[in-house]
Amino acid sequence: MSLFITLRATTVRRFMPISRQTFPVGSMVPSDAANCPFCEIVQLEDPDVREIYRDDHVVAFFPLEPATLGHTLVVPLEHVQDIWGLKEGTASRLAVVTVRLANVMRSTLRPEGLNVIQSNGEVATQTVPHLHVHLVPRWRGDAVGRIWPPETNYSEDQKDMAWEKLRAACRRDMVS
């Protein structure tokens, strides 16, 4: 069952994460579900959230400070801190909804591009320890700018070493 929520334009709907209330911006919120701002949204305890989609497995909503207009977070209903704790069934539903929402964004907002971003850990800029996928519609000249460095200086030996380690681990650990 899917439930689309229509929001009244007269209602100011904002999401104030716990991380902004009790922790410095950029630091990680504690990982327990009791203090998780996304769990508040999942449990329908945040009346100000700009929710755009909900089903039996995920919820999608706007962040407090969108990178661009239409920037949406897709979050599993189950409290999962990061990708390393994600079950494959939940991952499948998260992926399906992410693709469907990307198509809705494309037909509705007509962006020139789209970033799909999923960060894990503070060093990777994850500030809320509840797994989430960012869908960021992009337009030339928007406020986001480049998300990758223009170049890196890794030697061929370093790249080969990483490639060989990952390839061997995949052959060992990813048996279907």
* pair T90-H57: side-chain heavy atoms closer than 4.5 Å -> no
* With distance as the sole test, does Q126 use its side chain to make a donor-acceptor pair with the main-chain N or O of Q81 at under 3.5 Å? -> yes
* Note, L114 side chain near L135 side chain (heavy atom, < 4.5 Å) -> yes
* To do: If a pair satisfies salt bridge (Lys or Arg N to Asp or Glu O under 4.0 Å) and one of its residues is in residues 129-139, list it, with sequence neighbours excluded.
  => R138-D142
* Asked: Sub-3.5 Å donor-acceptor pair from the side chain of E40 to the main-chain atoms of D46, do we have one?
  -> no
* Has the side chain of E112 got a donor or acceptor atom that lies under 3.5 Å from a matching backbone atom of W139? -> no
* Worked check of salt bridge (charged side-chain N to carboxylate O under 4.0 Å, His left out) between D55 and R93 -> CA-CA 10 Å; D55 66 21; R93 185 62 190 161; 2.4 Å; yes
* Asked: What distance do I52 atom CD1 and F61 atom CZ have between them, rounded to the nearest 0.5 Å?
  -> 10.0 Å
* Please confirm whether the backbone N or O of V136 pairs with a side-chain atom of T68, one donor and one acceptor, at under 3.5 Å? => no
Please table the atom pairs, donor to acceptor, closer than 3.5 Å between any side-chain atom in residues 98-106 and protein atoms at least two apart or in another chain.
unit_1	atom_1	unit_2	atom_2	d
T98	OG1	L94	O	2.7
N103	ND2	V99	O	3.3

* Asked: Is any side-chain heavy atom of L131 less than 4.5 Å from a side-chain heavy atom of P76?
  -> yes
* Asked: Quick one: does H130's side chain get under 4.5 Å of V80's, heavy atoms only?
  -> no
* Can you list the residues that meet the ring-ring contact (aromatic ring centres under 6.0 Å, His included) rule with H71, with sequence neighbours excluded? -> H134
* Steps toward side chain to side chain contact (heavy atoms under 4.5 Å, CB included) verdict (F38, V59) -> CA-CA 9 Å; F38 291 173; V59 61; over 6 Å; no
* Mind checking the CG-CZ spacing from L77 to R54? Nearest 0.5 Å is all I need. => 6.0 Å
* To do: Sort and list the pairs that fulfil salt bridge (Lys or Arg N to Asp or Glu O under 4.0 Å) and have at least one residue in residues 71-90, not counting sequence neighbours.
  => E78-K87
* Rounded to the nearest 0.5 Å, how far apart are OG1 of T72 and CZ of F62? -> 4.5 Å
* To do: State yes or no: do I117 and V96 share one hydrophobic cluster built from I, L, V, M, F, W and Y residues joined by side-chain heavy-atom distances below 4.5 Å, directly or via other members?
  => no
* Structure fact -> Shortest non-hydrogen pair, A143 vs A67, comes out as CB-O, 4.4 Å
* Same apolar cluster: L86 and V116, side chain cutoff 4.5 Å -> yes
* Asked: Hey, does the side chain of Q43 reach the backbone of E45 with a donor-acceptor pair shorter than 3.5 angstrom?
  -> no
* Could you check if a side-chain atom of V128 sits within less than 4.5 angstrom of a side-chain atom of P37, using non-hydrogen atoms only? => yes
* **side-chain hydrogen bond (donor to acceptor under 3.5 Å, both in side chains) pairs, two or more places apart, involving residues 144-153** => none
* **CG/L109: more than 12 non-hydrogen atoms of other groups inside 6.0 Å** => yes
Enumerate donor-acceptor pairs with a distance under 3.5 Å from any side-chain N or O in residues 157-173 to protein atoms, sequence neighbours excluded.
unit_1	atom_1	unit_2	atom_2	d
Q158	OE1	S155	N	2.8
Q158	OE1	S155	OG	3.4
K159	NZ	E156	OE2	2.8

* To do: Evaluate the side chain to side chain contact (heavy atoms under 4.5 Å, CB included) criterion for residues I147 and N115: first the C-alpha distance (whole Å), next the side-chain angles of each, then the deciding distance (0.1 Å), finally the verdict.
  => CA-CA 9 Å; I147 64 169; N115 287 123; 3.6 Å; yes
